[in-house]
4 protein chains.
Amino acid sequence: MSDEPARRPHTGRRRNDAAREAILDAAFRLLTDPAVTVTIDAIAAEAGVGKQTIYRWWPSKGAVVADALARYATIVVPERAAGPFREDLTAFLIDSFRGLENEDYAAMLRQIVAAAQTDEHVAETFGAFTAARRAALRAILERGRDQGELAPDADLDMLTDMAYGVLYYRLLTRHAPLDDDAARSLAAALTERNGS
Amino acid sequence: MSDEPARRPHTGRRRNDAAREAILDAAFRLLTDPAVTVTIDAIAAEAGVGKQTIYRWWPSKGAVVADALARYATIVVPERAAGPFREDLTAFLIDSFRGLENEDYAAMLRQIVAAAQTDEHVAETFGAFTAARRAALRAILERGRDQGELAPDADLDMLTDMAYGVLYYRLLTRHAPLDDDAARSLAAALTERNGS
Amino acid sequence: MSDEPARRPHTGRRRNDAAREAILDAAFRLLTDPAVTVTIDAIAAEAGVGKQTIYRWWPSKGAVVADALARYATIVVPERAAGPFREDLTAFLIDSFRGLENEDYAAMLRQIVAAAQTDEHVAETFGAFTAARRAALRAILERGRDQGELAPDADLDMLTDMAYGVLYYRLLTRHAPLDDDAARSLAAALTERNGS
Amino acid sequence: MSDEPARRPHTGRRRNDAAREAILDAAFRLLTDPAVTVTIDAIAAEAGVGKQTIYRWWPSKGAVVADALARYATIVVPERAAGPFREDLTAFLIDSFRGLENEDYAAMLRQIVAAAQTDEHVAETFGAFTAARRAALRAILERGRDQGELAPDADLDMLTDMAYGVLYYRLLTRHAPLDDDAARSLAAALTERNGS
DNA sequence: AAGTAAACGAGACGGTACGTCCTGTCTTCTT
DNA sequence: AAGAAGACAGGACGTACCGTCTCGTTTACTT
């Protein structure tokens, strides 16, 4: 390890964290209002911040928006105490789906997915976000397998992707609801015998 | 009011179908290149066409893009002769995944999904496209249920969405491959006992 | 001469001359108001025009401003019927100085001179403007020489620059007025014996 | 050149005069390079100084620039021993013009004139500078008048402005050279009979 | 054959947002 | 306390696209 970089720990004014918060809050607020086009100028004005302060810390509009989402997402994630496997799984899926019943949040997540296809910074944030969620679900599934509720050789990654796949597929195509019944049906399909 | 306007069948130059083709081809070509921003000006230039010729026939950029997709999508749908259920299902999924091994097509589909979140014309075309694909898969699953290979009360819509969910989720997040092994593992998870 | 370029004289919509006028008028109006910072956005808004329409025809803000001046300058140039040399010269100088008694115009000319030092497009417009004015004055001086009122070997270019030099020097330094008396004194110094 | 700034120590409490020098030198160096936009950040970086150190001692960018000029200008003023009037005048003009044969100095003076139109600090410094130069020339002209080489009622202020007018007019318009011949022709036009 | 109407390639237009640059101020740590 | 570093609010710049609006030309049907 190099000991040289630490020589000059920092010079100059330090990043204003209040500005960071204000920007993310403003972005989130605007994202939420469907009547408003989310503009960097609008975010800057809403946050009472200069545009350059945004571009100093985020490489593009999409990156700001992605961060604003990620921040909100962290809040919504509910922590589950470990209970019986099937109940935990069902509860997890119900919670996940319910987050999207808020149309604001659903709209925002759609925009993030869209932006991630174009903007690599958004893609990165979105990738980290989904990886974390997959890990949470996978932990539950692992517990299920360890408790003998899932086959020992079950492809847990595939089961995870099937669950989140349904969520994103319905989020993006809107062809079917993401309600409690859907969550329960999904939980059942994942855990029970489908075939003979 | 007159209901007769249709009396005069047509005057003036007729729509140039070569231009239509050129526009759709150009749009497709640009959609395929991830380094290029798909612009109406770019499409017009690539097609050797005036911008107005595009806007005369399509209401928005998204609509052109959607049409370009719809045209290509029709081509790739593979028709399956009915064989044993599990084989048919596996073959269908393998075919579907293989279409996305062509990075051009995958890139385009990603852009379409993204555009559908913003543009209602694209959303409509995309919706029709996915509905058709779901119907094809559902037909196979129904055959499976009728043959007793799936539980009589299985939620076939959910199973369909689980399959396409995996496809789109992996397409959009790129966190895991969409190869033949994945298709087989997915087919197995859909048909075999996962739980106890 | 080639006869091919003329084959396609022009395609596409033609430049809207009303917009050109509106832009130049707006620029002039803003230039005139000392309370307003002359901005491209401001000019565009004032002219009811898109910014791109300005940048399509002028390479920079300075160029627009320079054109706005040149346009006004053309208007102010008074045409002089030829009379007796000394009267013509005095009248020309008086007219030239009087144009600058309008503080708006003086301020604008100062800004043009300043901009010309930085912006090559302004420099070009300004150069053409001053060359035309010099030519007008030189024509008067030539008449004076031909009438025997100036020495046959007088350096008319130098005399021209001495006259305009006074005008610009006082315009830029503001240390002495550019009034009728100054014009008369200048005319006298140019035509009469200074030395023994 | 660039290894010196590091030598300069902090002085703590009192104003560090080395910093002042470094700033003025840096400003001058940048002013001299027409390819570089003279920015406060650029001056600070070139001088190895914090921006605040500049703003602590000068009220605006223009003020720094003006000081940088004033400093250099003092250096170039040539002192003339009194000789015969016409020789002194010619020598004075030749010296003045020769100073501008150095393109660096000419470029800087152009920028100063330009800046003076915008920035009141520069205008003040520039005004003091030109007043001093005028006084020097006027002293020569007064001697000429006292020696009977100029008419007793000659408008010496006007003659002064005619001389400096030519200098600035040619400096700013670049339409004719400021060489020794020009200086001699100017001296002649100021002192000899132009008219009949 | 002449007239008329629509579609065409080209490209200018009014707008909106972008991301960069610069100014003058403010903040933090160092000397 | 002054200095170097550098973040901050504000605001102008010039570019990129969108969807609309002319131009003059070409193509087809109608008279």
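Below, chain A is the first sequence line, B the second, and so on; all start at residue 1. Fair warning: this is a prediction, and the values are worked out from it, not measured in the lab.
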Do the side chain of C:Q52 and the base of E:dC13 come within less than 3.5 angstrom through a donor-acceptor pair of N or O atoms?
no
Without swapping roles, check the side chain of B:Q117 against the backbone of B:V113 for a donor-acceptor pair under 3.5 Å.
yes
Go through E:dG9, F:dC17, F:dA12 for me and flag the one nearest to the C:T39 side chain.
F:dA12
When you check the gap from the basic side-chain N to the acidic O, do B:K61 and B:D119 get nearer than 4.0 Å?
no
When rounded to whole Å, the CD1 to P distance for the pair C:I40 and E:dG14 reads 14 Å
With a 4.0 Å cutoff (strictly under), does any side-chain N or O of B:T53 reach OP1 or OP2 of E:dA7?
no
Under 4.0 Å, counting only non-hydrogen atoms across every strand here, what does C:W58 touch: a base, just sugar-phosphate, or nothing?
nothing
A:G12 backbone acceptor or donor facing A:R14 side chain under 3.5 Å
yes
Can you tell me how far P of E:dA5 sits from CZ of B:R56, to the nearest Å?
17 Å
How many whole angstroms separate atom CD1 of C:I23 from atom C1' of E:dA12?
11 Å
Verify side-chain contact (heavy atoms from CB on, under 4.5 Å) between A:E21 and A:R71, making sure each step is shown before the conclusion.
CA-CA 10 Å; A:E21 299 288 308; A:R71 192 142 156 284; 2.8 Å; yes
Is there a side-chain contact between C:T11 and the phosphate of F:dT25, meaning an N or O under 4.0 Å from OP1 or OP2?
no
Report the residue (D:K51 or C:K51) whose heavy-atom-nearest nucleotide on DNA chain F is the more 5′ of the two.
D:K51
In this structure, how many angstroms lie between the P atom of F:dG11 and the CD1 atom of C:I43, rounded?
18 Å
When you measure from the side-chain N and O atoms of D:W57 to the phosphate of F:dG3, is any distance below 4.0 Å, counting only OP1 and OP2?
yes
Go through the N and O atoms of the side chain of C:R13 and the base of F:dC21, and report whether any donor-acceptor pair is under 3.5 Å.
yes
Rounded to the nearest angstrom, tell me the gap between atom CG in D:D41 and atom P in E:dT20.
16 Å
May I ask you to say what A:R14 touches in the nucleic acid, namely base, sugar-phosphate or nothing, with a heavy-atom cut-off under 4.0 Å?
sugar-phosphate
Please determine if a side-chain N or O atom of B:Y55 lies less than 4.0 Å away from the OP1 or OP2 oxygen of F:dG19.
yes
So does D:F28 get a backbone contact from the side chain of D:T32, meaning a donor-acceptor N/O pair under 3.5 Å?
yes
Give D:K61 one of three labels, base, sugar-phosphate or nothing, depending on what nucleic acid heavy atoms sit under 4.0 Å from its own.
sugar-phosphate
Phosphate-side-chain proximity, A:T37 and E:dA17, N/O vs OP1/OP2 below 4.0 Å:
yes
For C:V38 and B:D119, find the nucleotide of DNA chain F closest to each by heavy atoms; which residue's nucleotide sits nearer the 5' end?
C:V38
